[in-house]
Amino acid sequence: GENVEQHPSTLSVQEGDSAVIKCTYSDSASNYFPWYKQELGKGPQLIIDIRSNVGEKKDQRIAVTLNKTAKHFSLHITETQPEDSAVYFCAAKATGGYQKVTFGIGTKLQVIP
Amino acid sequence: KAGVTQTPRYLIKTRGQQVTLSCSPISGHRSVSWYQQTPGQGLQFLFEYFSETQRNKGNFPGRFSGRQFSNSRSEMNVSTLELGDSALYLCASSLAGTETGELFFGEGSRLTVL
């Protein structure tokens with residue numbers, strides 16, 4: 001089955017700095033890579049995703065990159081703000097059929113004002 | 001549109017007891033997945049139901065079971081509770097038929113086993 005590794009497990013950055021979270025996956029059949037943000041006391045929420053036919057995707061201050069050959073994908077947050085403090089999960093999934101989503105272990109991001 | 005609703009939000013049980021957790025998906029969503037969240041383990045997939053049928057199952061012992069009703073509401077049951085079952089149990093619903101299947105999570109049921 002799919003295995004998703006995520007690092008770092010914790011990350012502290014100064015407000016305004018950038019944050020990068022990296023993930024690797026094992027199953028070459030995976031072709032959809034979502035990122036979820038979990039705020040304290042809430043369930044995870046999708047913030048951005050990327051498909052295997054795209055190398056990079058941006059949405060305001062967040063961006064994801066995908067290297068399908070190396071089976072790496074990353075989340076980049078620029079100009080971090082205190083409200084970015086949360087746990088971030090990367091995930092991988094093969095589209096089509098009854099494919100489950102496999103999550104990474106999560107990264108706890110703390111943005112220091 | 002109401003989100004995913006999980007009940008109860010918090011519960012305390014003792015070893016050996018059993019527990020049933022409930023999940024009401026977003027209206028129109030027919031797929032419901034369950035995850036166990038623990039510190040250091042991330043989100044571990046338990047099972048997924050679609051139209052009352054389990055179509056995916058994670059690597060959990062048989063003490064963990066679930067079901068889905070005709071109105072798409074789902075329940076999961078854990079029997080003979082162990083201390084290690086203490087966790088946040090998250091339910092997620094998705095709109096079946098989409099290629100990517102975005103998951104919409106509830107706020108979870110936090111189970112403490114004493």
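Rounded to the nearest 0.5 Å, atoms CG (B:L103) and NZ (A:K100) are 12.5 Å apart. Taken from CG in B:L43 to OH in A:Y36, the straight-line distance is 10.0 Å, to the nearest 0.5 Å. Distance check: A:K42 NZ to B:L90 CG gives 14.0 Å after rounding to the nearest 0.5 Å. From A:Q38, atom CD reaches atom CD of B:E107 across 10.5 Å, with rounding to the nearest 0.5 Å.
Atom CZ of B:R73 sits in a crowded spot, with more than 12 heavy atoms from other residues, nucleotides or ligands closer than 6.0 Å. More than 12 heavy-atom neighbours from other residues, nucleotides or ligands sit within 6.0 angstrom of CD on A:E56. Heavy atoms of other residues, nucleotides or ligands lying less than 6.0 angstrom from CG of A:L40 number 12 at most. Crowding of B:R9 atom CZ: a count of heavy atoms from other residues, nucleotides or ligands under 6.0 Å exceeding 12. At most 12 non-hydrogen atoms from other residues, nucleotides or ligands lie less than 6.0 angstrom from NZ of A:K108. The neighbour count for A:D59 CG, taken as heavy atoms of other residues, nucleotides or ligands under 6.0 Å away, is above 12. In this structure, A:K58 places its NZ atom where only 12 or fewer heavy-atom neighbours from other residues, nucleotides or ligands lie under 6.0 Å away.
Looking at A:Q6, there are no atoms closer than 4.5 Å to chain B (heavy atoms on both sides), in backbone or side chain. Contact annotation for A:V87: neither backbone nor side-chain heavy atoms come within less than 4.5 Å of a heavy atom of chain B. For B:Q37, the part lying under 4.5 angstrom from a heavy atom of chain A is the side chain only. For A:P44, the parts lying near chain B are the backbone and the side chain together; criterion is any non-hydrogen pair under 4.5 Å.
The shortest non-hydrogen separation linking B:Q41 to A:I105 is C-CG1, 3.8 Å.
Here the two rings, on B:Y35 and A:F103, have centers that are under 6.0 Å apart.
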